[in-house]
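Structure, as structure tokens:
The chains referred to below are lettered A, B, ... by the order of the sequence lines, with proteins before strands, and numbering in each begins at 1.
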There are 2 protein chains.
Amino acid sequence: MPGRCGSQYADHPRRICAAFRRMTIPRQAILDILNTSKHHMSAEDIYLAVHQFYPQIGLATVYRTLELLTQEGLVSRFEFGDHKARYEIVRSDQTHHHHHLICIKCGRVVEYSDFIDEELDLIKRVEAGLTEKYNFNIKTHLIQFYGLCGQCQIQQ
Amino acid sequence: MPGRCGSQYADHPRRICAAFRRMTIPRQAILDILNTSKHHMSAEDIYLAVHQFYPQIGLATVYRTLELLTQEGLVSRFEFGDHKARYEIVRSDQTHHHHHLICIKCGRVVEYSDFIDEELDLIKRVEAGLTEKYNFNIKTHLIQFYGLCGQCQIQQ
DNA sequence: CTCCTTATTGATAATGATTATCATTTGCAT
DNA sequence: ATGCAAATGATAATCATTATCAATAAGGAG
């Protein structure tokens with residue numbers, strides 16, 4: 001039931017059109033999963049989730065779709081240090097916006113949204129400055145803190 | 001000529017001791033390269049640089065050493081989206097401190113240090129808040145912006 | 001200074017996430 | 001309805017990183 005490329009996606013129809021030349025069932029399925037999920041997912045997580053209601057899906061399609069969405073800034077790709085990328089849809093209304101706190105010993109990832117407002121305010125200003133100086137059209141940003149979680153501080 | 005673990009490293013001797021149980025020639029060589037380099041390097045870059053004056057070095061040793069240094073927060077690991085990590089020594093005096101601006105189409109990476117002071121000020125405050133709330137001992141942070149560089153904006 | 005324990009090394013094989021390939025299928029403009 | 005290019009799915013290939021293991025060397029004890 002694919003219609004014009006991004007028509008049924010209220011959030012970023014124009015940029016969905018920019019990312020895809022054609023809307024397809026696998027792509028819709030992937031977008032649905034990403035839109036429903038509140039947390040970051042690996043490509044395989046997404047593959048498995050889509051597979052439940054669309055078993056024909058191929059893993060390669062998941063990677064290809066994520067690549068296109070990432071290049072259009074519609075999806076954020078995170079690396080937490082385990083050599084497995086995580087993806088998350090970018091919501092225009094900033095719902096669930098958060099940054100990450102990562103333990104460099106055990107790999108635990110904490111999503112925090114405290115301080116986000118203050119951070120976003122700065123981000124916005126820096127973005128404007130960078131756009132002007134380096135002539136970049138900035139789509140997304142990444143802020144992560146690395147350190148030792150409580151557990152790992154104890155185990156020296 | 002290795003002495004007590006981190007003795008000849010003025011910068012973070014105590015944390016070098018924490019990272020290593022023994023100081024060795026390969027580790028010194030890797031630290032020397034990292035200290036000399038002004039820019040991020042991949043594991044292979046480092047391997048090749050060390051290899052020039054210490055040809056016995058093995059690639060696995062480079063990875064192991066970088067892992068230990070990263071876990072101690074003495075080295076920052078970056079991922080720019082090409083699935084190849086880059087490493088950079090953390091200087092206690094904040095010399096050459098910078099963040100990154102990455103083109104999501106062509107992968108170009110710009111190091112910027114404009115706005116850094118303003119950013120670091122916020123970082124410091126957020127760090128304090130996160131430390132308290134989540135009981136993390138924060139060692140490093142990562143700030144990256146993603147977008148289209150001038151070139152890639154033109155090529156639609 | 002020498003010995004001894006054990007951390008570390010280097011070579012190499014294994015792993016595993018991601019990408020490339022290619023024949024087949026499908027979206028969608030005309 | 002038709003045709004062509006885009007997209008798919010299966011699978012093979014890639015390649016950065018990690019695990020393995022016998023050999024080596026750091027550095028504390030005596």
Side-chain angles (χ1 to χ4, degrees), chain A residues 1-8 16-31 40-48 50-51 53-72 75 77-87 104 107, chain B residues 1-9 16-31 40-48 50-51 53-72 75 77-87 104 107 156:
Chain A
M1 79 188 38
R4 297 189 87 261
C5 60
S7 52
Q8 53 279 83
I16 297 236
C17 285
F20 302 145
R21 301 205 201 190
R22 293 176 183 172
M23 178 52 71
T24 65
I25 295 175
R27 285 172 175 177
Q28 284 197 5
I30 292 166
L31 280 166
H40 48 259
M41 302 176 85
S42 67
E44 202 185 346
D45 292 339
I46 295 166
Y47 167 78
L48 290 173
V50 171
H51 190 268
F53 61 94
Y54 188 72
Q56 308 97 294
I57 189 84
L59 186 53
T61 301
V62 174
Y63 276 106
R64 277 184 296 237
T65 303
L66 289 170
E67 175 68 14
L68 292 171
L69 291 169
T70 303
Q71 286 208 351
E72 203 48 44
V75 158
R77 172 197 272 142
F78 301 110
E79 303 271 358
F80 297 137
D82 63 352
H83 304 286
K84 196 195 252 176
R86 308 303 153 96
Y87 302 85
I104 49 186
Chain B
M1 84 188 36
R4 294 189 88 260
C5 61
S7 51
Q8 53 280 83
Y9 289 94
I16 297 236
C17 285
F20 302 144
R21 302 207 199 187
R22 294 177 183 173
M23 178 52 70
T24 65
I25 295 175
R27 284 171 176 179
Q28 284 198 4
I30 292 165
L31 280 166
H40 47 260
M41 302 176 84
S42 69
E44 202 186 344
D45 292 339
I46 295 166
Y47 167 78
L48 290 172
V50 171
H51 189 268
F53 62 93
Y54 188 72
Q56 308 97 295
I57 190 84
L59 186 53
T61 301
V62 174
Y63 276 105
R64 278 185 296 237
T65 303
L66 289 171
E67 174 68 15
L68 292 170
L69 290 169
T70 302
Q71 286 208 351
E72 202 49 44
V75 158
R77 171 197 271 142
F78 301 109
E79 305 269 357
F80 297 136
D82 62 352
H83 304 287
K84 196 195 250 178
R86 308 303 154 96
Y87 301 86
I104 49 187
Q156 63 116 340

[X] [atom1] - [N] [atom2] separation (whole Å):
X     : N      : atom1 : atom2 : value
B/Q28 : D/dG27 : CD    : C1'   : 14 Å
A/I30 : D/dA7  : CD1   : P     : 13 Å
B/L68 : C/dA7  : CG    : C1'   : 11 Å
B/I25 : D/dG27 : CD1   : C1'   : 14 Å
B/L66 : C/dT8  : CG    : C1'   : 15 Å

What distance do [X] atom [atom1] and [Y] atom [atom2] have between them, rounded to the nearest 0.5 Å?
X     : Y     : atom1 : atom2 : result
B/K84 : B/E79 : NZ    : CD    : 12.0 Å
A/I30 : A/L66 : CD1   : CG    : 6.0 Å
A/T61 : A/Y54 : OG1   : OH    : 8.5 Å

For [X] and [N], is the shortest distance between a side-chain N/O and OP1 or OP2 below 4.0 Å?
X     : N      : value
B/T24 : D/dA25 : no
B/R22 : C/dT9  : no
B/R27 : D/dA26 : no

Report task. State whether the distance check finds a donor on one side and an acceptor on the other, under 3.5 Å, for side chain B/R21 versus base C/dT6. Result -> no

Query raised in the report: Would you say A/E44 has more than 12 foreign heavy atoms packed within less than 6.0 Å of its CD?
Result: no

Query - Test item: A/R77 side-chain N/O and A/V75 main-chain N/O as donor-acceptor pair under 3.5 Å - result: no

Requested in this report: For nucleotides 10-22 of chain C, just jot down a letter per nucleotide in 5' to 3' order: B, S or -, based on protein non-hydrogen atoms under 4.0 Å.
Outcome: BB-----SBBBB-

**Report entry** Worked verdict on B/Q56 versus B/I25 for side-chain contact (heavy atoms from CB on, under 4.5 Å)
**Finding:** CA-CA 10 Å; B/Q56 308 97 295; B/I25 295 175; over 6 Å; no

